[in-house]
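Residue numbers start at 1 and run along the sequence shown. Computed from a predicted structure; not experimentally measured. Only this structure's heavy atoms are used, side chains among them; waters, hydrogens and symmetry mates stay out. Order of appearance sets the numbers: ligands from 1, and atoms from 1 within every ligand.
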Amino acid sequence: MKTDFKIAVLPGDGIGPEVVNESIKILDAIAEAFHYKFEFKYGLVGAEAIFKTGNPLPDETLEICKESDAVLFGAIGDPAFDNNPDAKVRPEQGLLKLRKELGLFANIRPLKTYNSLIEKSPLKKEIIEGTDIQIFRELVSGIYFGEKFTDEEVGYAYDICKYNRDEIAPIVHMAFQEAQKRRKKLTLIDKANVLDTSRLWRKICKEIATEYPDVELGFMFVDNAAMQLILNPKQFDVIVTENMFGDIISDEASVIGGSIGLLPSASIGNENAMFEPIHGSYPQAKGKGIANPIASILSTAMMLDYLKLDHAAEKLKESVEHAIENKYVTIDLNAEQPYSTDEVGSFIADYIKYSEKTYYNFENVKLGKSTIV
Ligand SMILES: NC(=O)C1=CN([C@@H]2O[C@H](COP(=O)(O)OP(=O)(O)OC[C@H]3O[C@@H](n4cnc5c(N)ncnc54)[C@H](O)[C@@H]3O)[C@@H](O)[C@H]2O)C=CC1
Ligand SMILES: CC(C)CC(=O)C(=O)O
Ligand SMILES: [Mg+2]
């Protein structure tokens, strides 16, 4: 079994470095508890990379990612660019190019509720309790990657949305396969009453559905889906959707869980994989130690799953649940007694180390083997 892993670490901008730092702390704890070795190689991306090199995705960063077993990504984005519509080079271009170059066609965004956080959501308890959704967002095509044009003088611009079968079918298969492992319900969210691209998605979904007869396939227009997600989220099991709709509805859906700072994601390709919170660089919080690190930490758990370190991934998810159940959370989830980004990360890391050692001791005593710790 492989025990040594090369991890590319791209902290990025704003709160990116702070939350990724907690993920590294967690991986150090996992390495100690499970006897794995993680070798970290850091790369520049986003605004930080533009400031230092003029390029939002330097070649060296891409190389580091391609040579790694997995990529851990923080967030990019900076007000210097958000407030300047004339900027020709932008941090977001670095992230988009990275996803494209690594072929990360499927962005998987799980969403669930935690019993101790139910009251944190502005939505009613009976509506959200027990919500468990997997959003499969297409990540390297669609309007974010189509041809663009701006004529500032006349005030004219466009962004083209294009899809072809090869860009749609792989993620649809993935979503069907996930639904088969779960409650066997897949919903395509689209705008097929208006968009040709959406009609193509529907056609391909219907064709592929014949290969998964045990899964119930449904369709919903994105405007209705935006409403249904907060009116009745439990009707959804697995959602599959195009790039921009997936981006928007997943931020909306994060309200169900209580904070966007909880939502992780895995961006999967045929040869590479990257793990990133769904949130952005939250520049207002930069350096204040208030950012919720759990989205990054749960993205790390998804990375451990991807690396087939199942026991470590389970332990990490259990440790996060333990922190949440004990209200060891940041200000977005507990304004009365908030813990800092660093304190939440350390609490989770310590739980991994302590409880894993206890676990091994217990097992060894039971099985009569020599003690590992
Ligand atoms: N994947 C990425 O790197 C993304 C980057 N961005 C970039 O991030 C910058 C800021 O964009 P916004 O639209 O403000 O989105 P954002 O996700 O950074 O922040 C929106 C709001 O979500 C909350 N939030 C976000 N992360 C949180 C965390 N870890 N803990 C607690 N609360 C958290 C805050 O209330 C914040 O005001 C922009 O430059 C944007 O382009 C936006 C989305 C994704
Ligand atoms: C900043 C965008 C490129 C990405 C985004 O909002 C996301 O992936 O959630
Ligand atoms: Mg987004």
Side-chain angles (χ1 to χ4, degrees), residues 10-23 45-50 56-57 71-85 87 89-100 104-109 111 117 120 122 135-145 148 159 241-255 257-267 274-299 324 329-335 338-342 344-345:
L10 275 48
D13 308 319
I15 59 165
E18 295 162 51
V19 295
V20 163
N21 209 23
E22 299 314 308
S23 288
V45 69
E48 194 207 8
I50 299 175
L57 182 67
V71 183
L72 204 52
F73 185 91
I76 48 81
D78 189 286
F81 300 90
D82 294 339
N83 300 331
N84 177 12
V89 182
R90 314 187 70 86
E92 290 74 12
Q93 292 163 346
L95 175 56
L96 294 176
K97 184 173 175 201
L98 181 62
R99 289 170 175 170
K100 190 75 167 179
L104 307 175
F105 64 87
N107 181 232
I108 304 161
R109 299 183 157 192
L111 166 76
L117 296 180
K120 300 295 167 194
I135 299 174
F136 279 64
R137 166 190 173 194
E138 195 289 320
L139 201 62
V140 290
S141 308
I143 196 163
Y144 292 177
F145 289 89
K148 296 172 180 299
D159 298 276
T241 190
E242 59 125 276
N243 199 342
M244 185 165 71
F245 296 160
D247 189 4
I248 297 168
I249 62 155
S250 50
D251 269 36
E252 185 201 8
S254 76
V255 174
S259 170
I260 195 170
L262 290 171
L263 263 66
S265 85
S267 301
M274 186 160 95
F275 300 85
E276 41 180 328
I278 82 153
H279 61 70
S281 62
Y282 187 10
Q284 306 91 322
K286 180 180 176 177
K288 293 187 180 160
I290 58 168
N292 190 338
I294 290 181
S296 178
I297 291 172
L298 286 176
S299 302
I324 291 174
V329 288
T330 41
I331 193 163
D332 49 321
L333 293 170
N334 189 353
Y339 290 90
S340 69
T341 310
D342 166 66
V344 172

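- Summary of contacts: the protein heavy atom closest to atom 41 (O) of ligand 1 is Glu92 OE2, 2.4 Å.
- With a heavy-atom cut-off of 4.0 Å, Arg99 touches ligand 2 through its side chain alone.
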Please walk me through it: do Asn243 and Leu139 pass side-chain contact (heavy atoms from CB on, under 4.5 Å)? CA-CA 5 Å; Asn243 199 342; Leu139 201 62; 4.3 Å; yes
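- Looking at every heavy atom in both residues, Ser265 comes nearest to Arg109 through CB-CG, 3.8 Å.
- Nearest to atom 3 (O) of ligand 1 among the protein's heavy atoms is Ile76 N, 2.9 Å.
- In summary, the atoms of ligand 2 found under 4.0 Å from a heavy atom of Leu96, numbered by their order in the structure, are 3 (C).
- Contacts with ligand 1 closer than 4.0 Å are made by side-chain heavy atoms of Asp82 only, the backbone lying farther away.
- For ligand 1, the atoms closer than 4.0 angstrom to any heavy atom of Gly77 are 39 (O).
- Of all the atoms in ligand 1, the ones that sit under 4.0 Å from a non-hydrogen atom of Gly280 are 4 (C), 5 (C), 6 (N), 8 (O), 16 (P), 17 (O), 18 (O), 42 (C), 43 (C), 44 (C).
- For Leu95, every heavy-atom contact with ligand 1 shorter than 4.0 Å involves the side chain, none the backbone.
- Using a 4.0 Å cut-off between heavy atoms, Pro283 contacts ligand 1 through its side chain alone, with no backbone atom that close.
- Residue Ile260 approaches ligand 1 through these ligand atoms, each under 4.0 Å from one of its heavy atoms: 22 (O), 23 (C), 24 (N), 25 (C), 26 (N), 33 (C).
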Check step by step if side-chain contact (heavy atoms from CB on, under 4.5 Å) holds for Arg99 and Asn107. CA-CA 10 Å; Arg99 289 170 175 170; Asn107 181 232; 5.7 Å; no
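- Atom 29 (N) of ligand 1 has as its closest protein heavy atom Asn292 O, 3.1 Å.
- Within the 4.0 angstrom cut-off, atom 2 (C) of ligand 2 has no protein heavy-atom neighbours.
- Taking every non-hydrogen atom of Ala75 and a distance limit under 4.0 Å, the qualifying atoms of ligand 1 come out as 3 (O).
- Only the backbone of Asp78 comes within contact range of ligand 1, with a heavy atom under 4.0 Å; no side-chain atom does.
- Not one N or O on the side chain of Asp159 forms a donor-acceptor pair closer than 3.5 Å with the backbone of Lys148.
- The closest protein non-hydrogen atom to atom 37 (O) of ligand 1 is Tyr282 CE1, 3.6 Å.
- Within the model, atoms CG of Asn292 and CG of Leu263 stand 10.0 Å from one another, a figure rounded to the nearest 0.5 Å.
- By the criterion of a heavy-atom distance under 4.0 Å, neither the backbone nor the side chain of Gln93 is placed next to ligand 2.
- A distance-only check finds a donor-acceptor pair linking the side chain of Asp13 to the backbone of Ala47 [under 3.5 Å].
- Remark: ligand 2 atoms within the under-4.0 Å shell around heavy atoms of Arg137 are 7 (C), 8 (O), 9 (O).
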Would you check, one step at a time, whether the test side-chain contact (heavy atoms from CB on, under 4.5 Å) holds for Leu117 with Ile324? CA-CA 8 Å; Leu117 296 180; Ile324 291 174; 3.6 Å; yes
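- Note that atom 21 (C) of ligand 1 has no protein non-hydrogen atoms nearby, at separations under 4.0 angstrom.
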Residues Ser267, Glu276; criterion side-chain hydrogen bond (donor to acceptor under 3.5 Å, both in side chains); working and verdict: CA-CA 8 Å; Ser267 301; Glu276 41 180 328; 2.7 Å; yes
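- Distance check on atom 14 (O) of ligand 1: every protein heavy atom falls at or beyond the 4.0 Å cut-off.
- Inside a 4.0 Å radius of atom 26 (N) of ligand 1 there is at least one protein heavy atom.
- In terms of protein heavy atoms, atom 9 (C) of ligand 1 is closest to Ser281 OG, 3.2 Å.
- Put simply, the side chain of Ser23 gets close to the backbone of Ser296: a donor and an acceptor are under 3.5 Å apart.
- With a heavy-atom cut-off of 4.0 Å, Asp332 touches ligand 1 through its side chain alone.
- In this structure, a donor-acceptor pair under 3.5 Å is present between the side chains of Asp332 and Thr330.
- At most 12 heavy atoms of other shown residues, nucleotides or ligands fall within 6.0 angstrom of atom NZ in Lys286.
- Numbered from 1 in the order shown, with element, the atoms of ligand 2 that lie under 4.0 Å from a heavy atom of Ile278 read 9 (O).
- Counting just the N/O/S atoms of Asp247, the one with the shortest distance to the Mg ion (ligand 3) is named OD1.
- Counting the atoms of ligand 1 from 1 in the order shown, those under 4.0 Å from a heavy atom of His279 are 1 (N), 2 (C), 4 (C), 17 (O), 25 (C), 26 (N), 29 (N), 44 (C).
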Let's go through Ile50 and Gln93 carefully: what are the C-alpha distance in whole Å and the side-chain angles of both, what is the deciding distance for side-chain contact (heavy atoms from CB on, under 4.5 Å) to 0.1 Å, and is it a yes or a no? CA-CA 11 Å; Ile50 299 175; Gln93 292 163 346; over 6 Å; no
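- Near Glu92, meaning under 4.0 Å from any of its heavy atoms, are these atoms of ligand 2: 1 (C).
- Checked by atom type and distance alone, the side chain of Arg90 pairs as donor or acceptor with a backbone atom of Phe81 at under 3.5 Å.
- Between the Thr341 side chain and the Gly289 main chain, a donor and an acceptor come within less than 3.5 Å of each other.
- Nearest heavy atom pair, residue Glu92 against residue Ile76, reads CA-CD1, 3.6 Å.
- Ligand 2 has at least one atom lying under 4.0 Å from a heavy atom of Arg109.
- At distances below 3.5 Å, at least one donor-acceptor pair connects side-chain atoms of Ser281 with backbone N or O atoms of Gly77.
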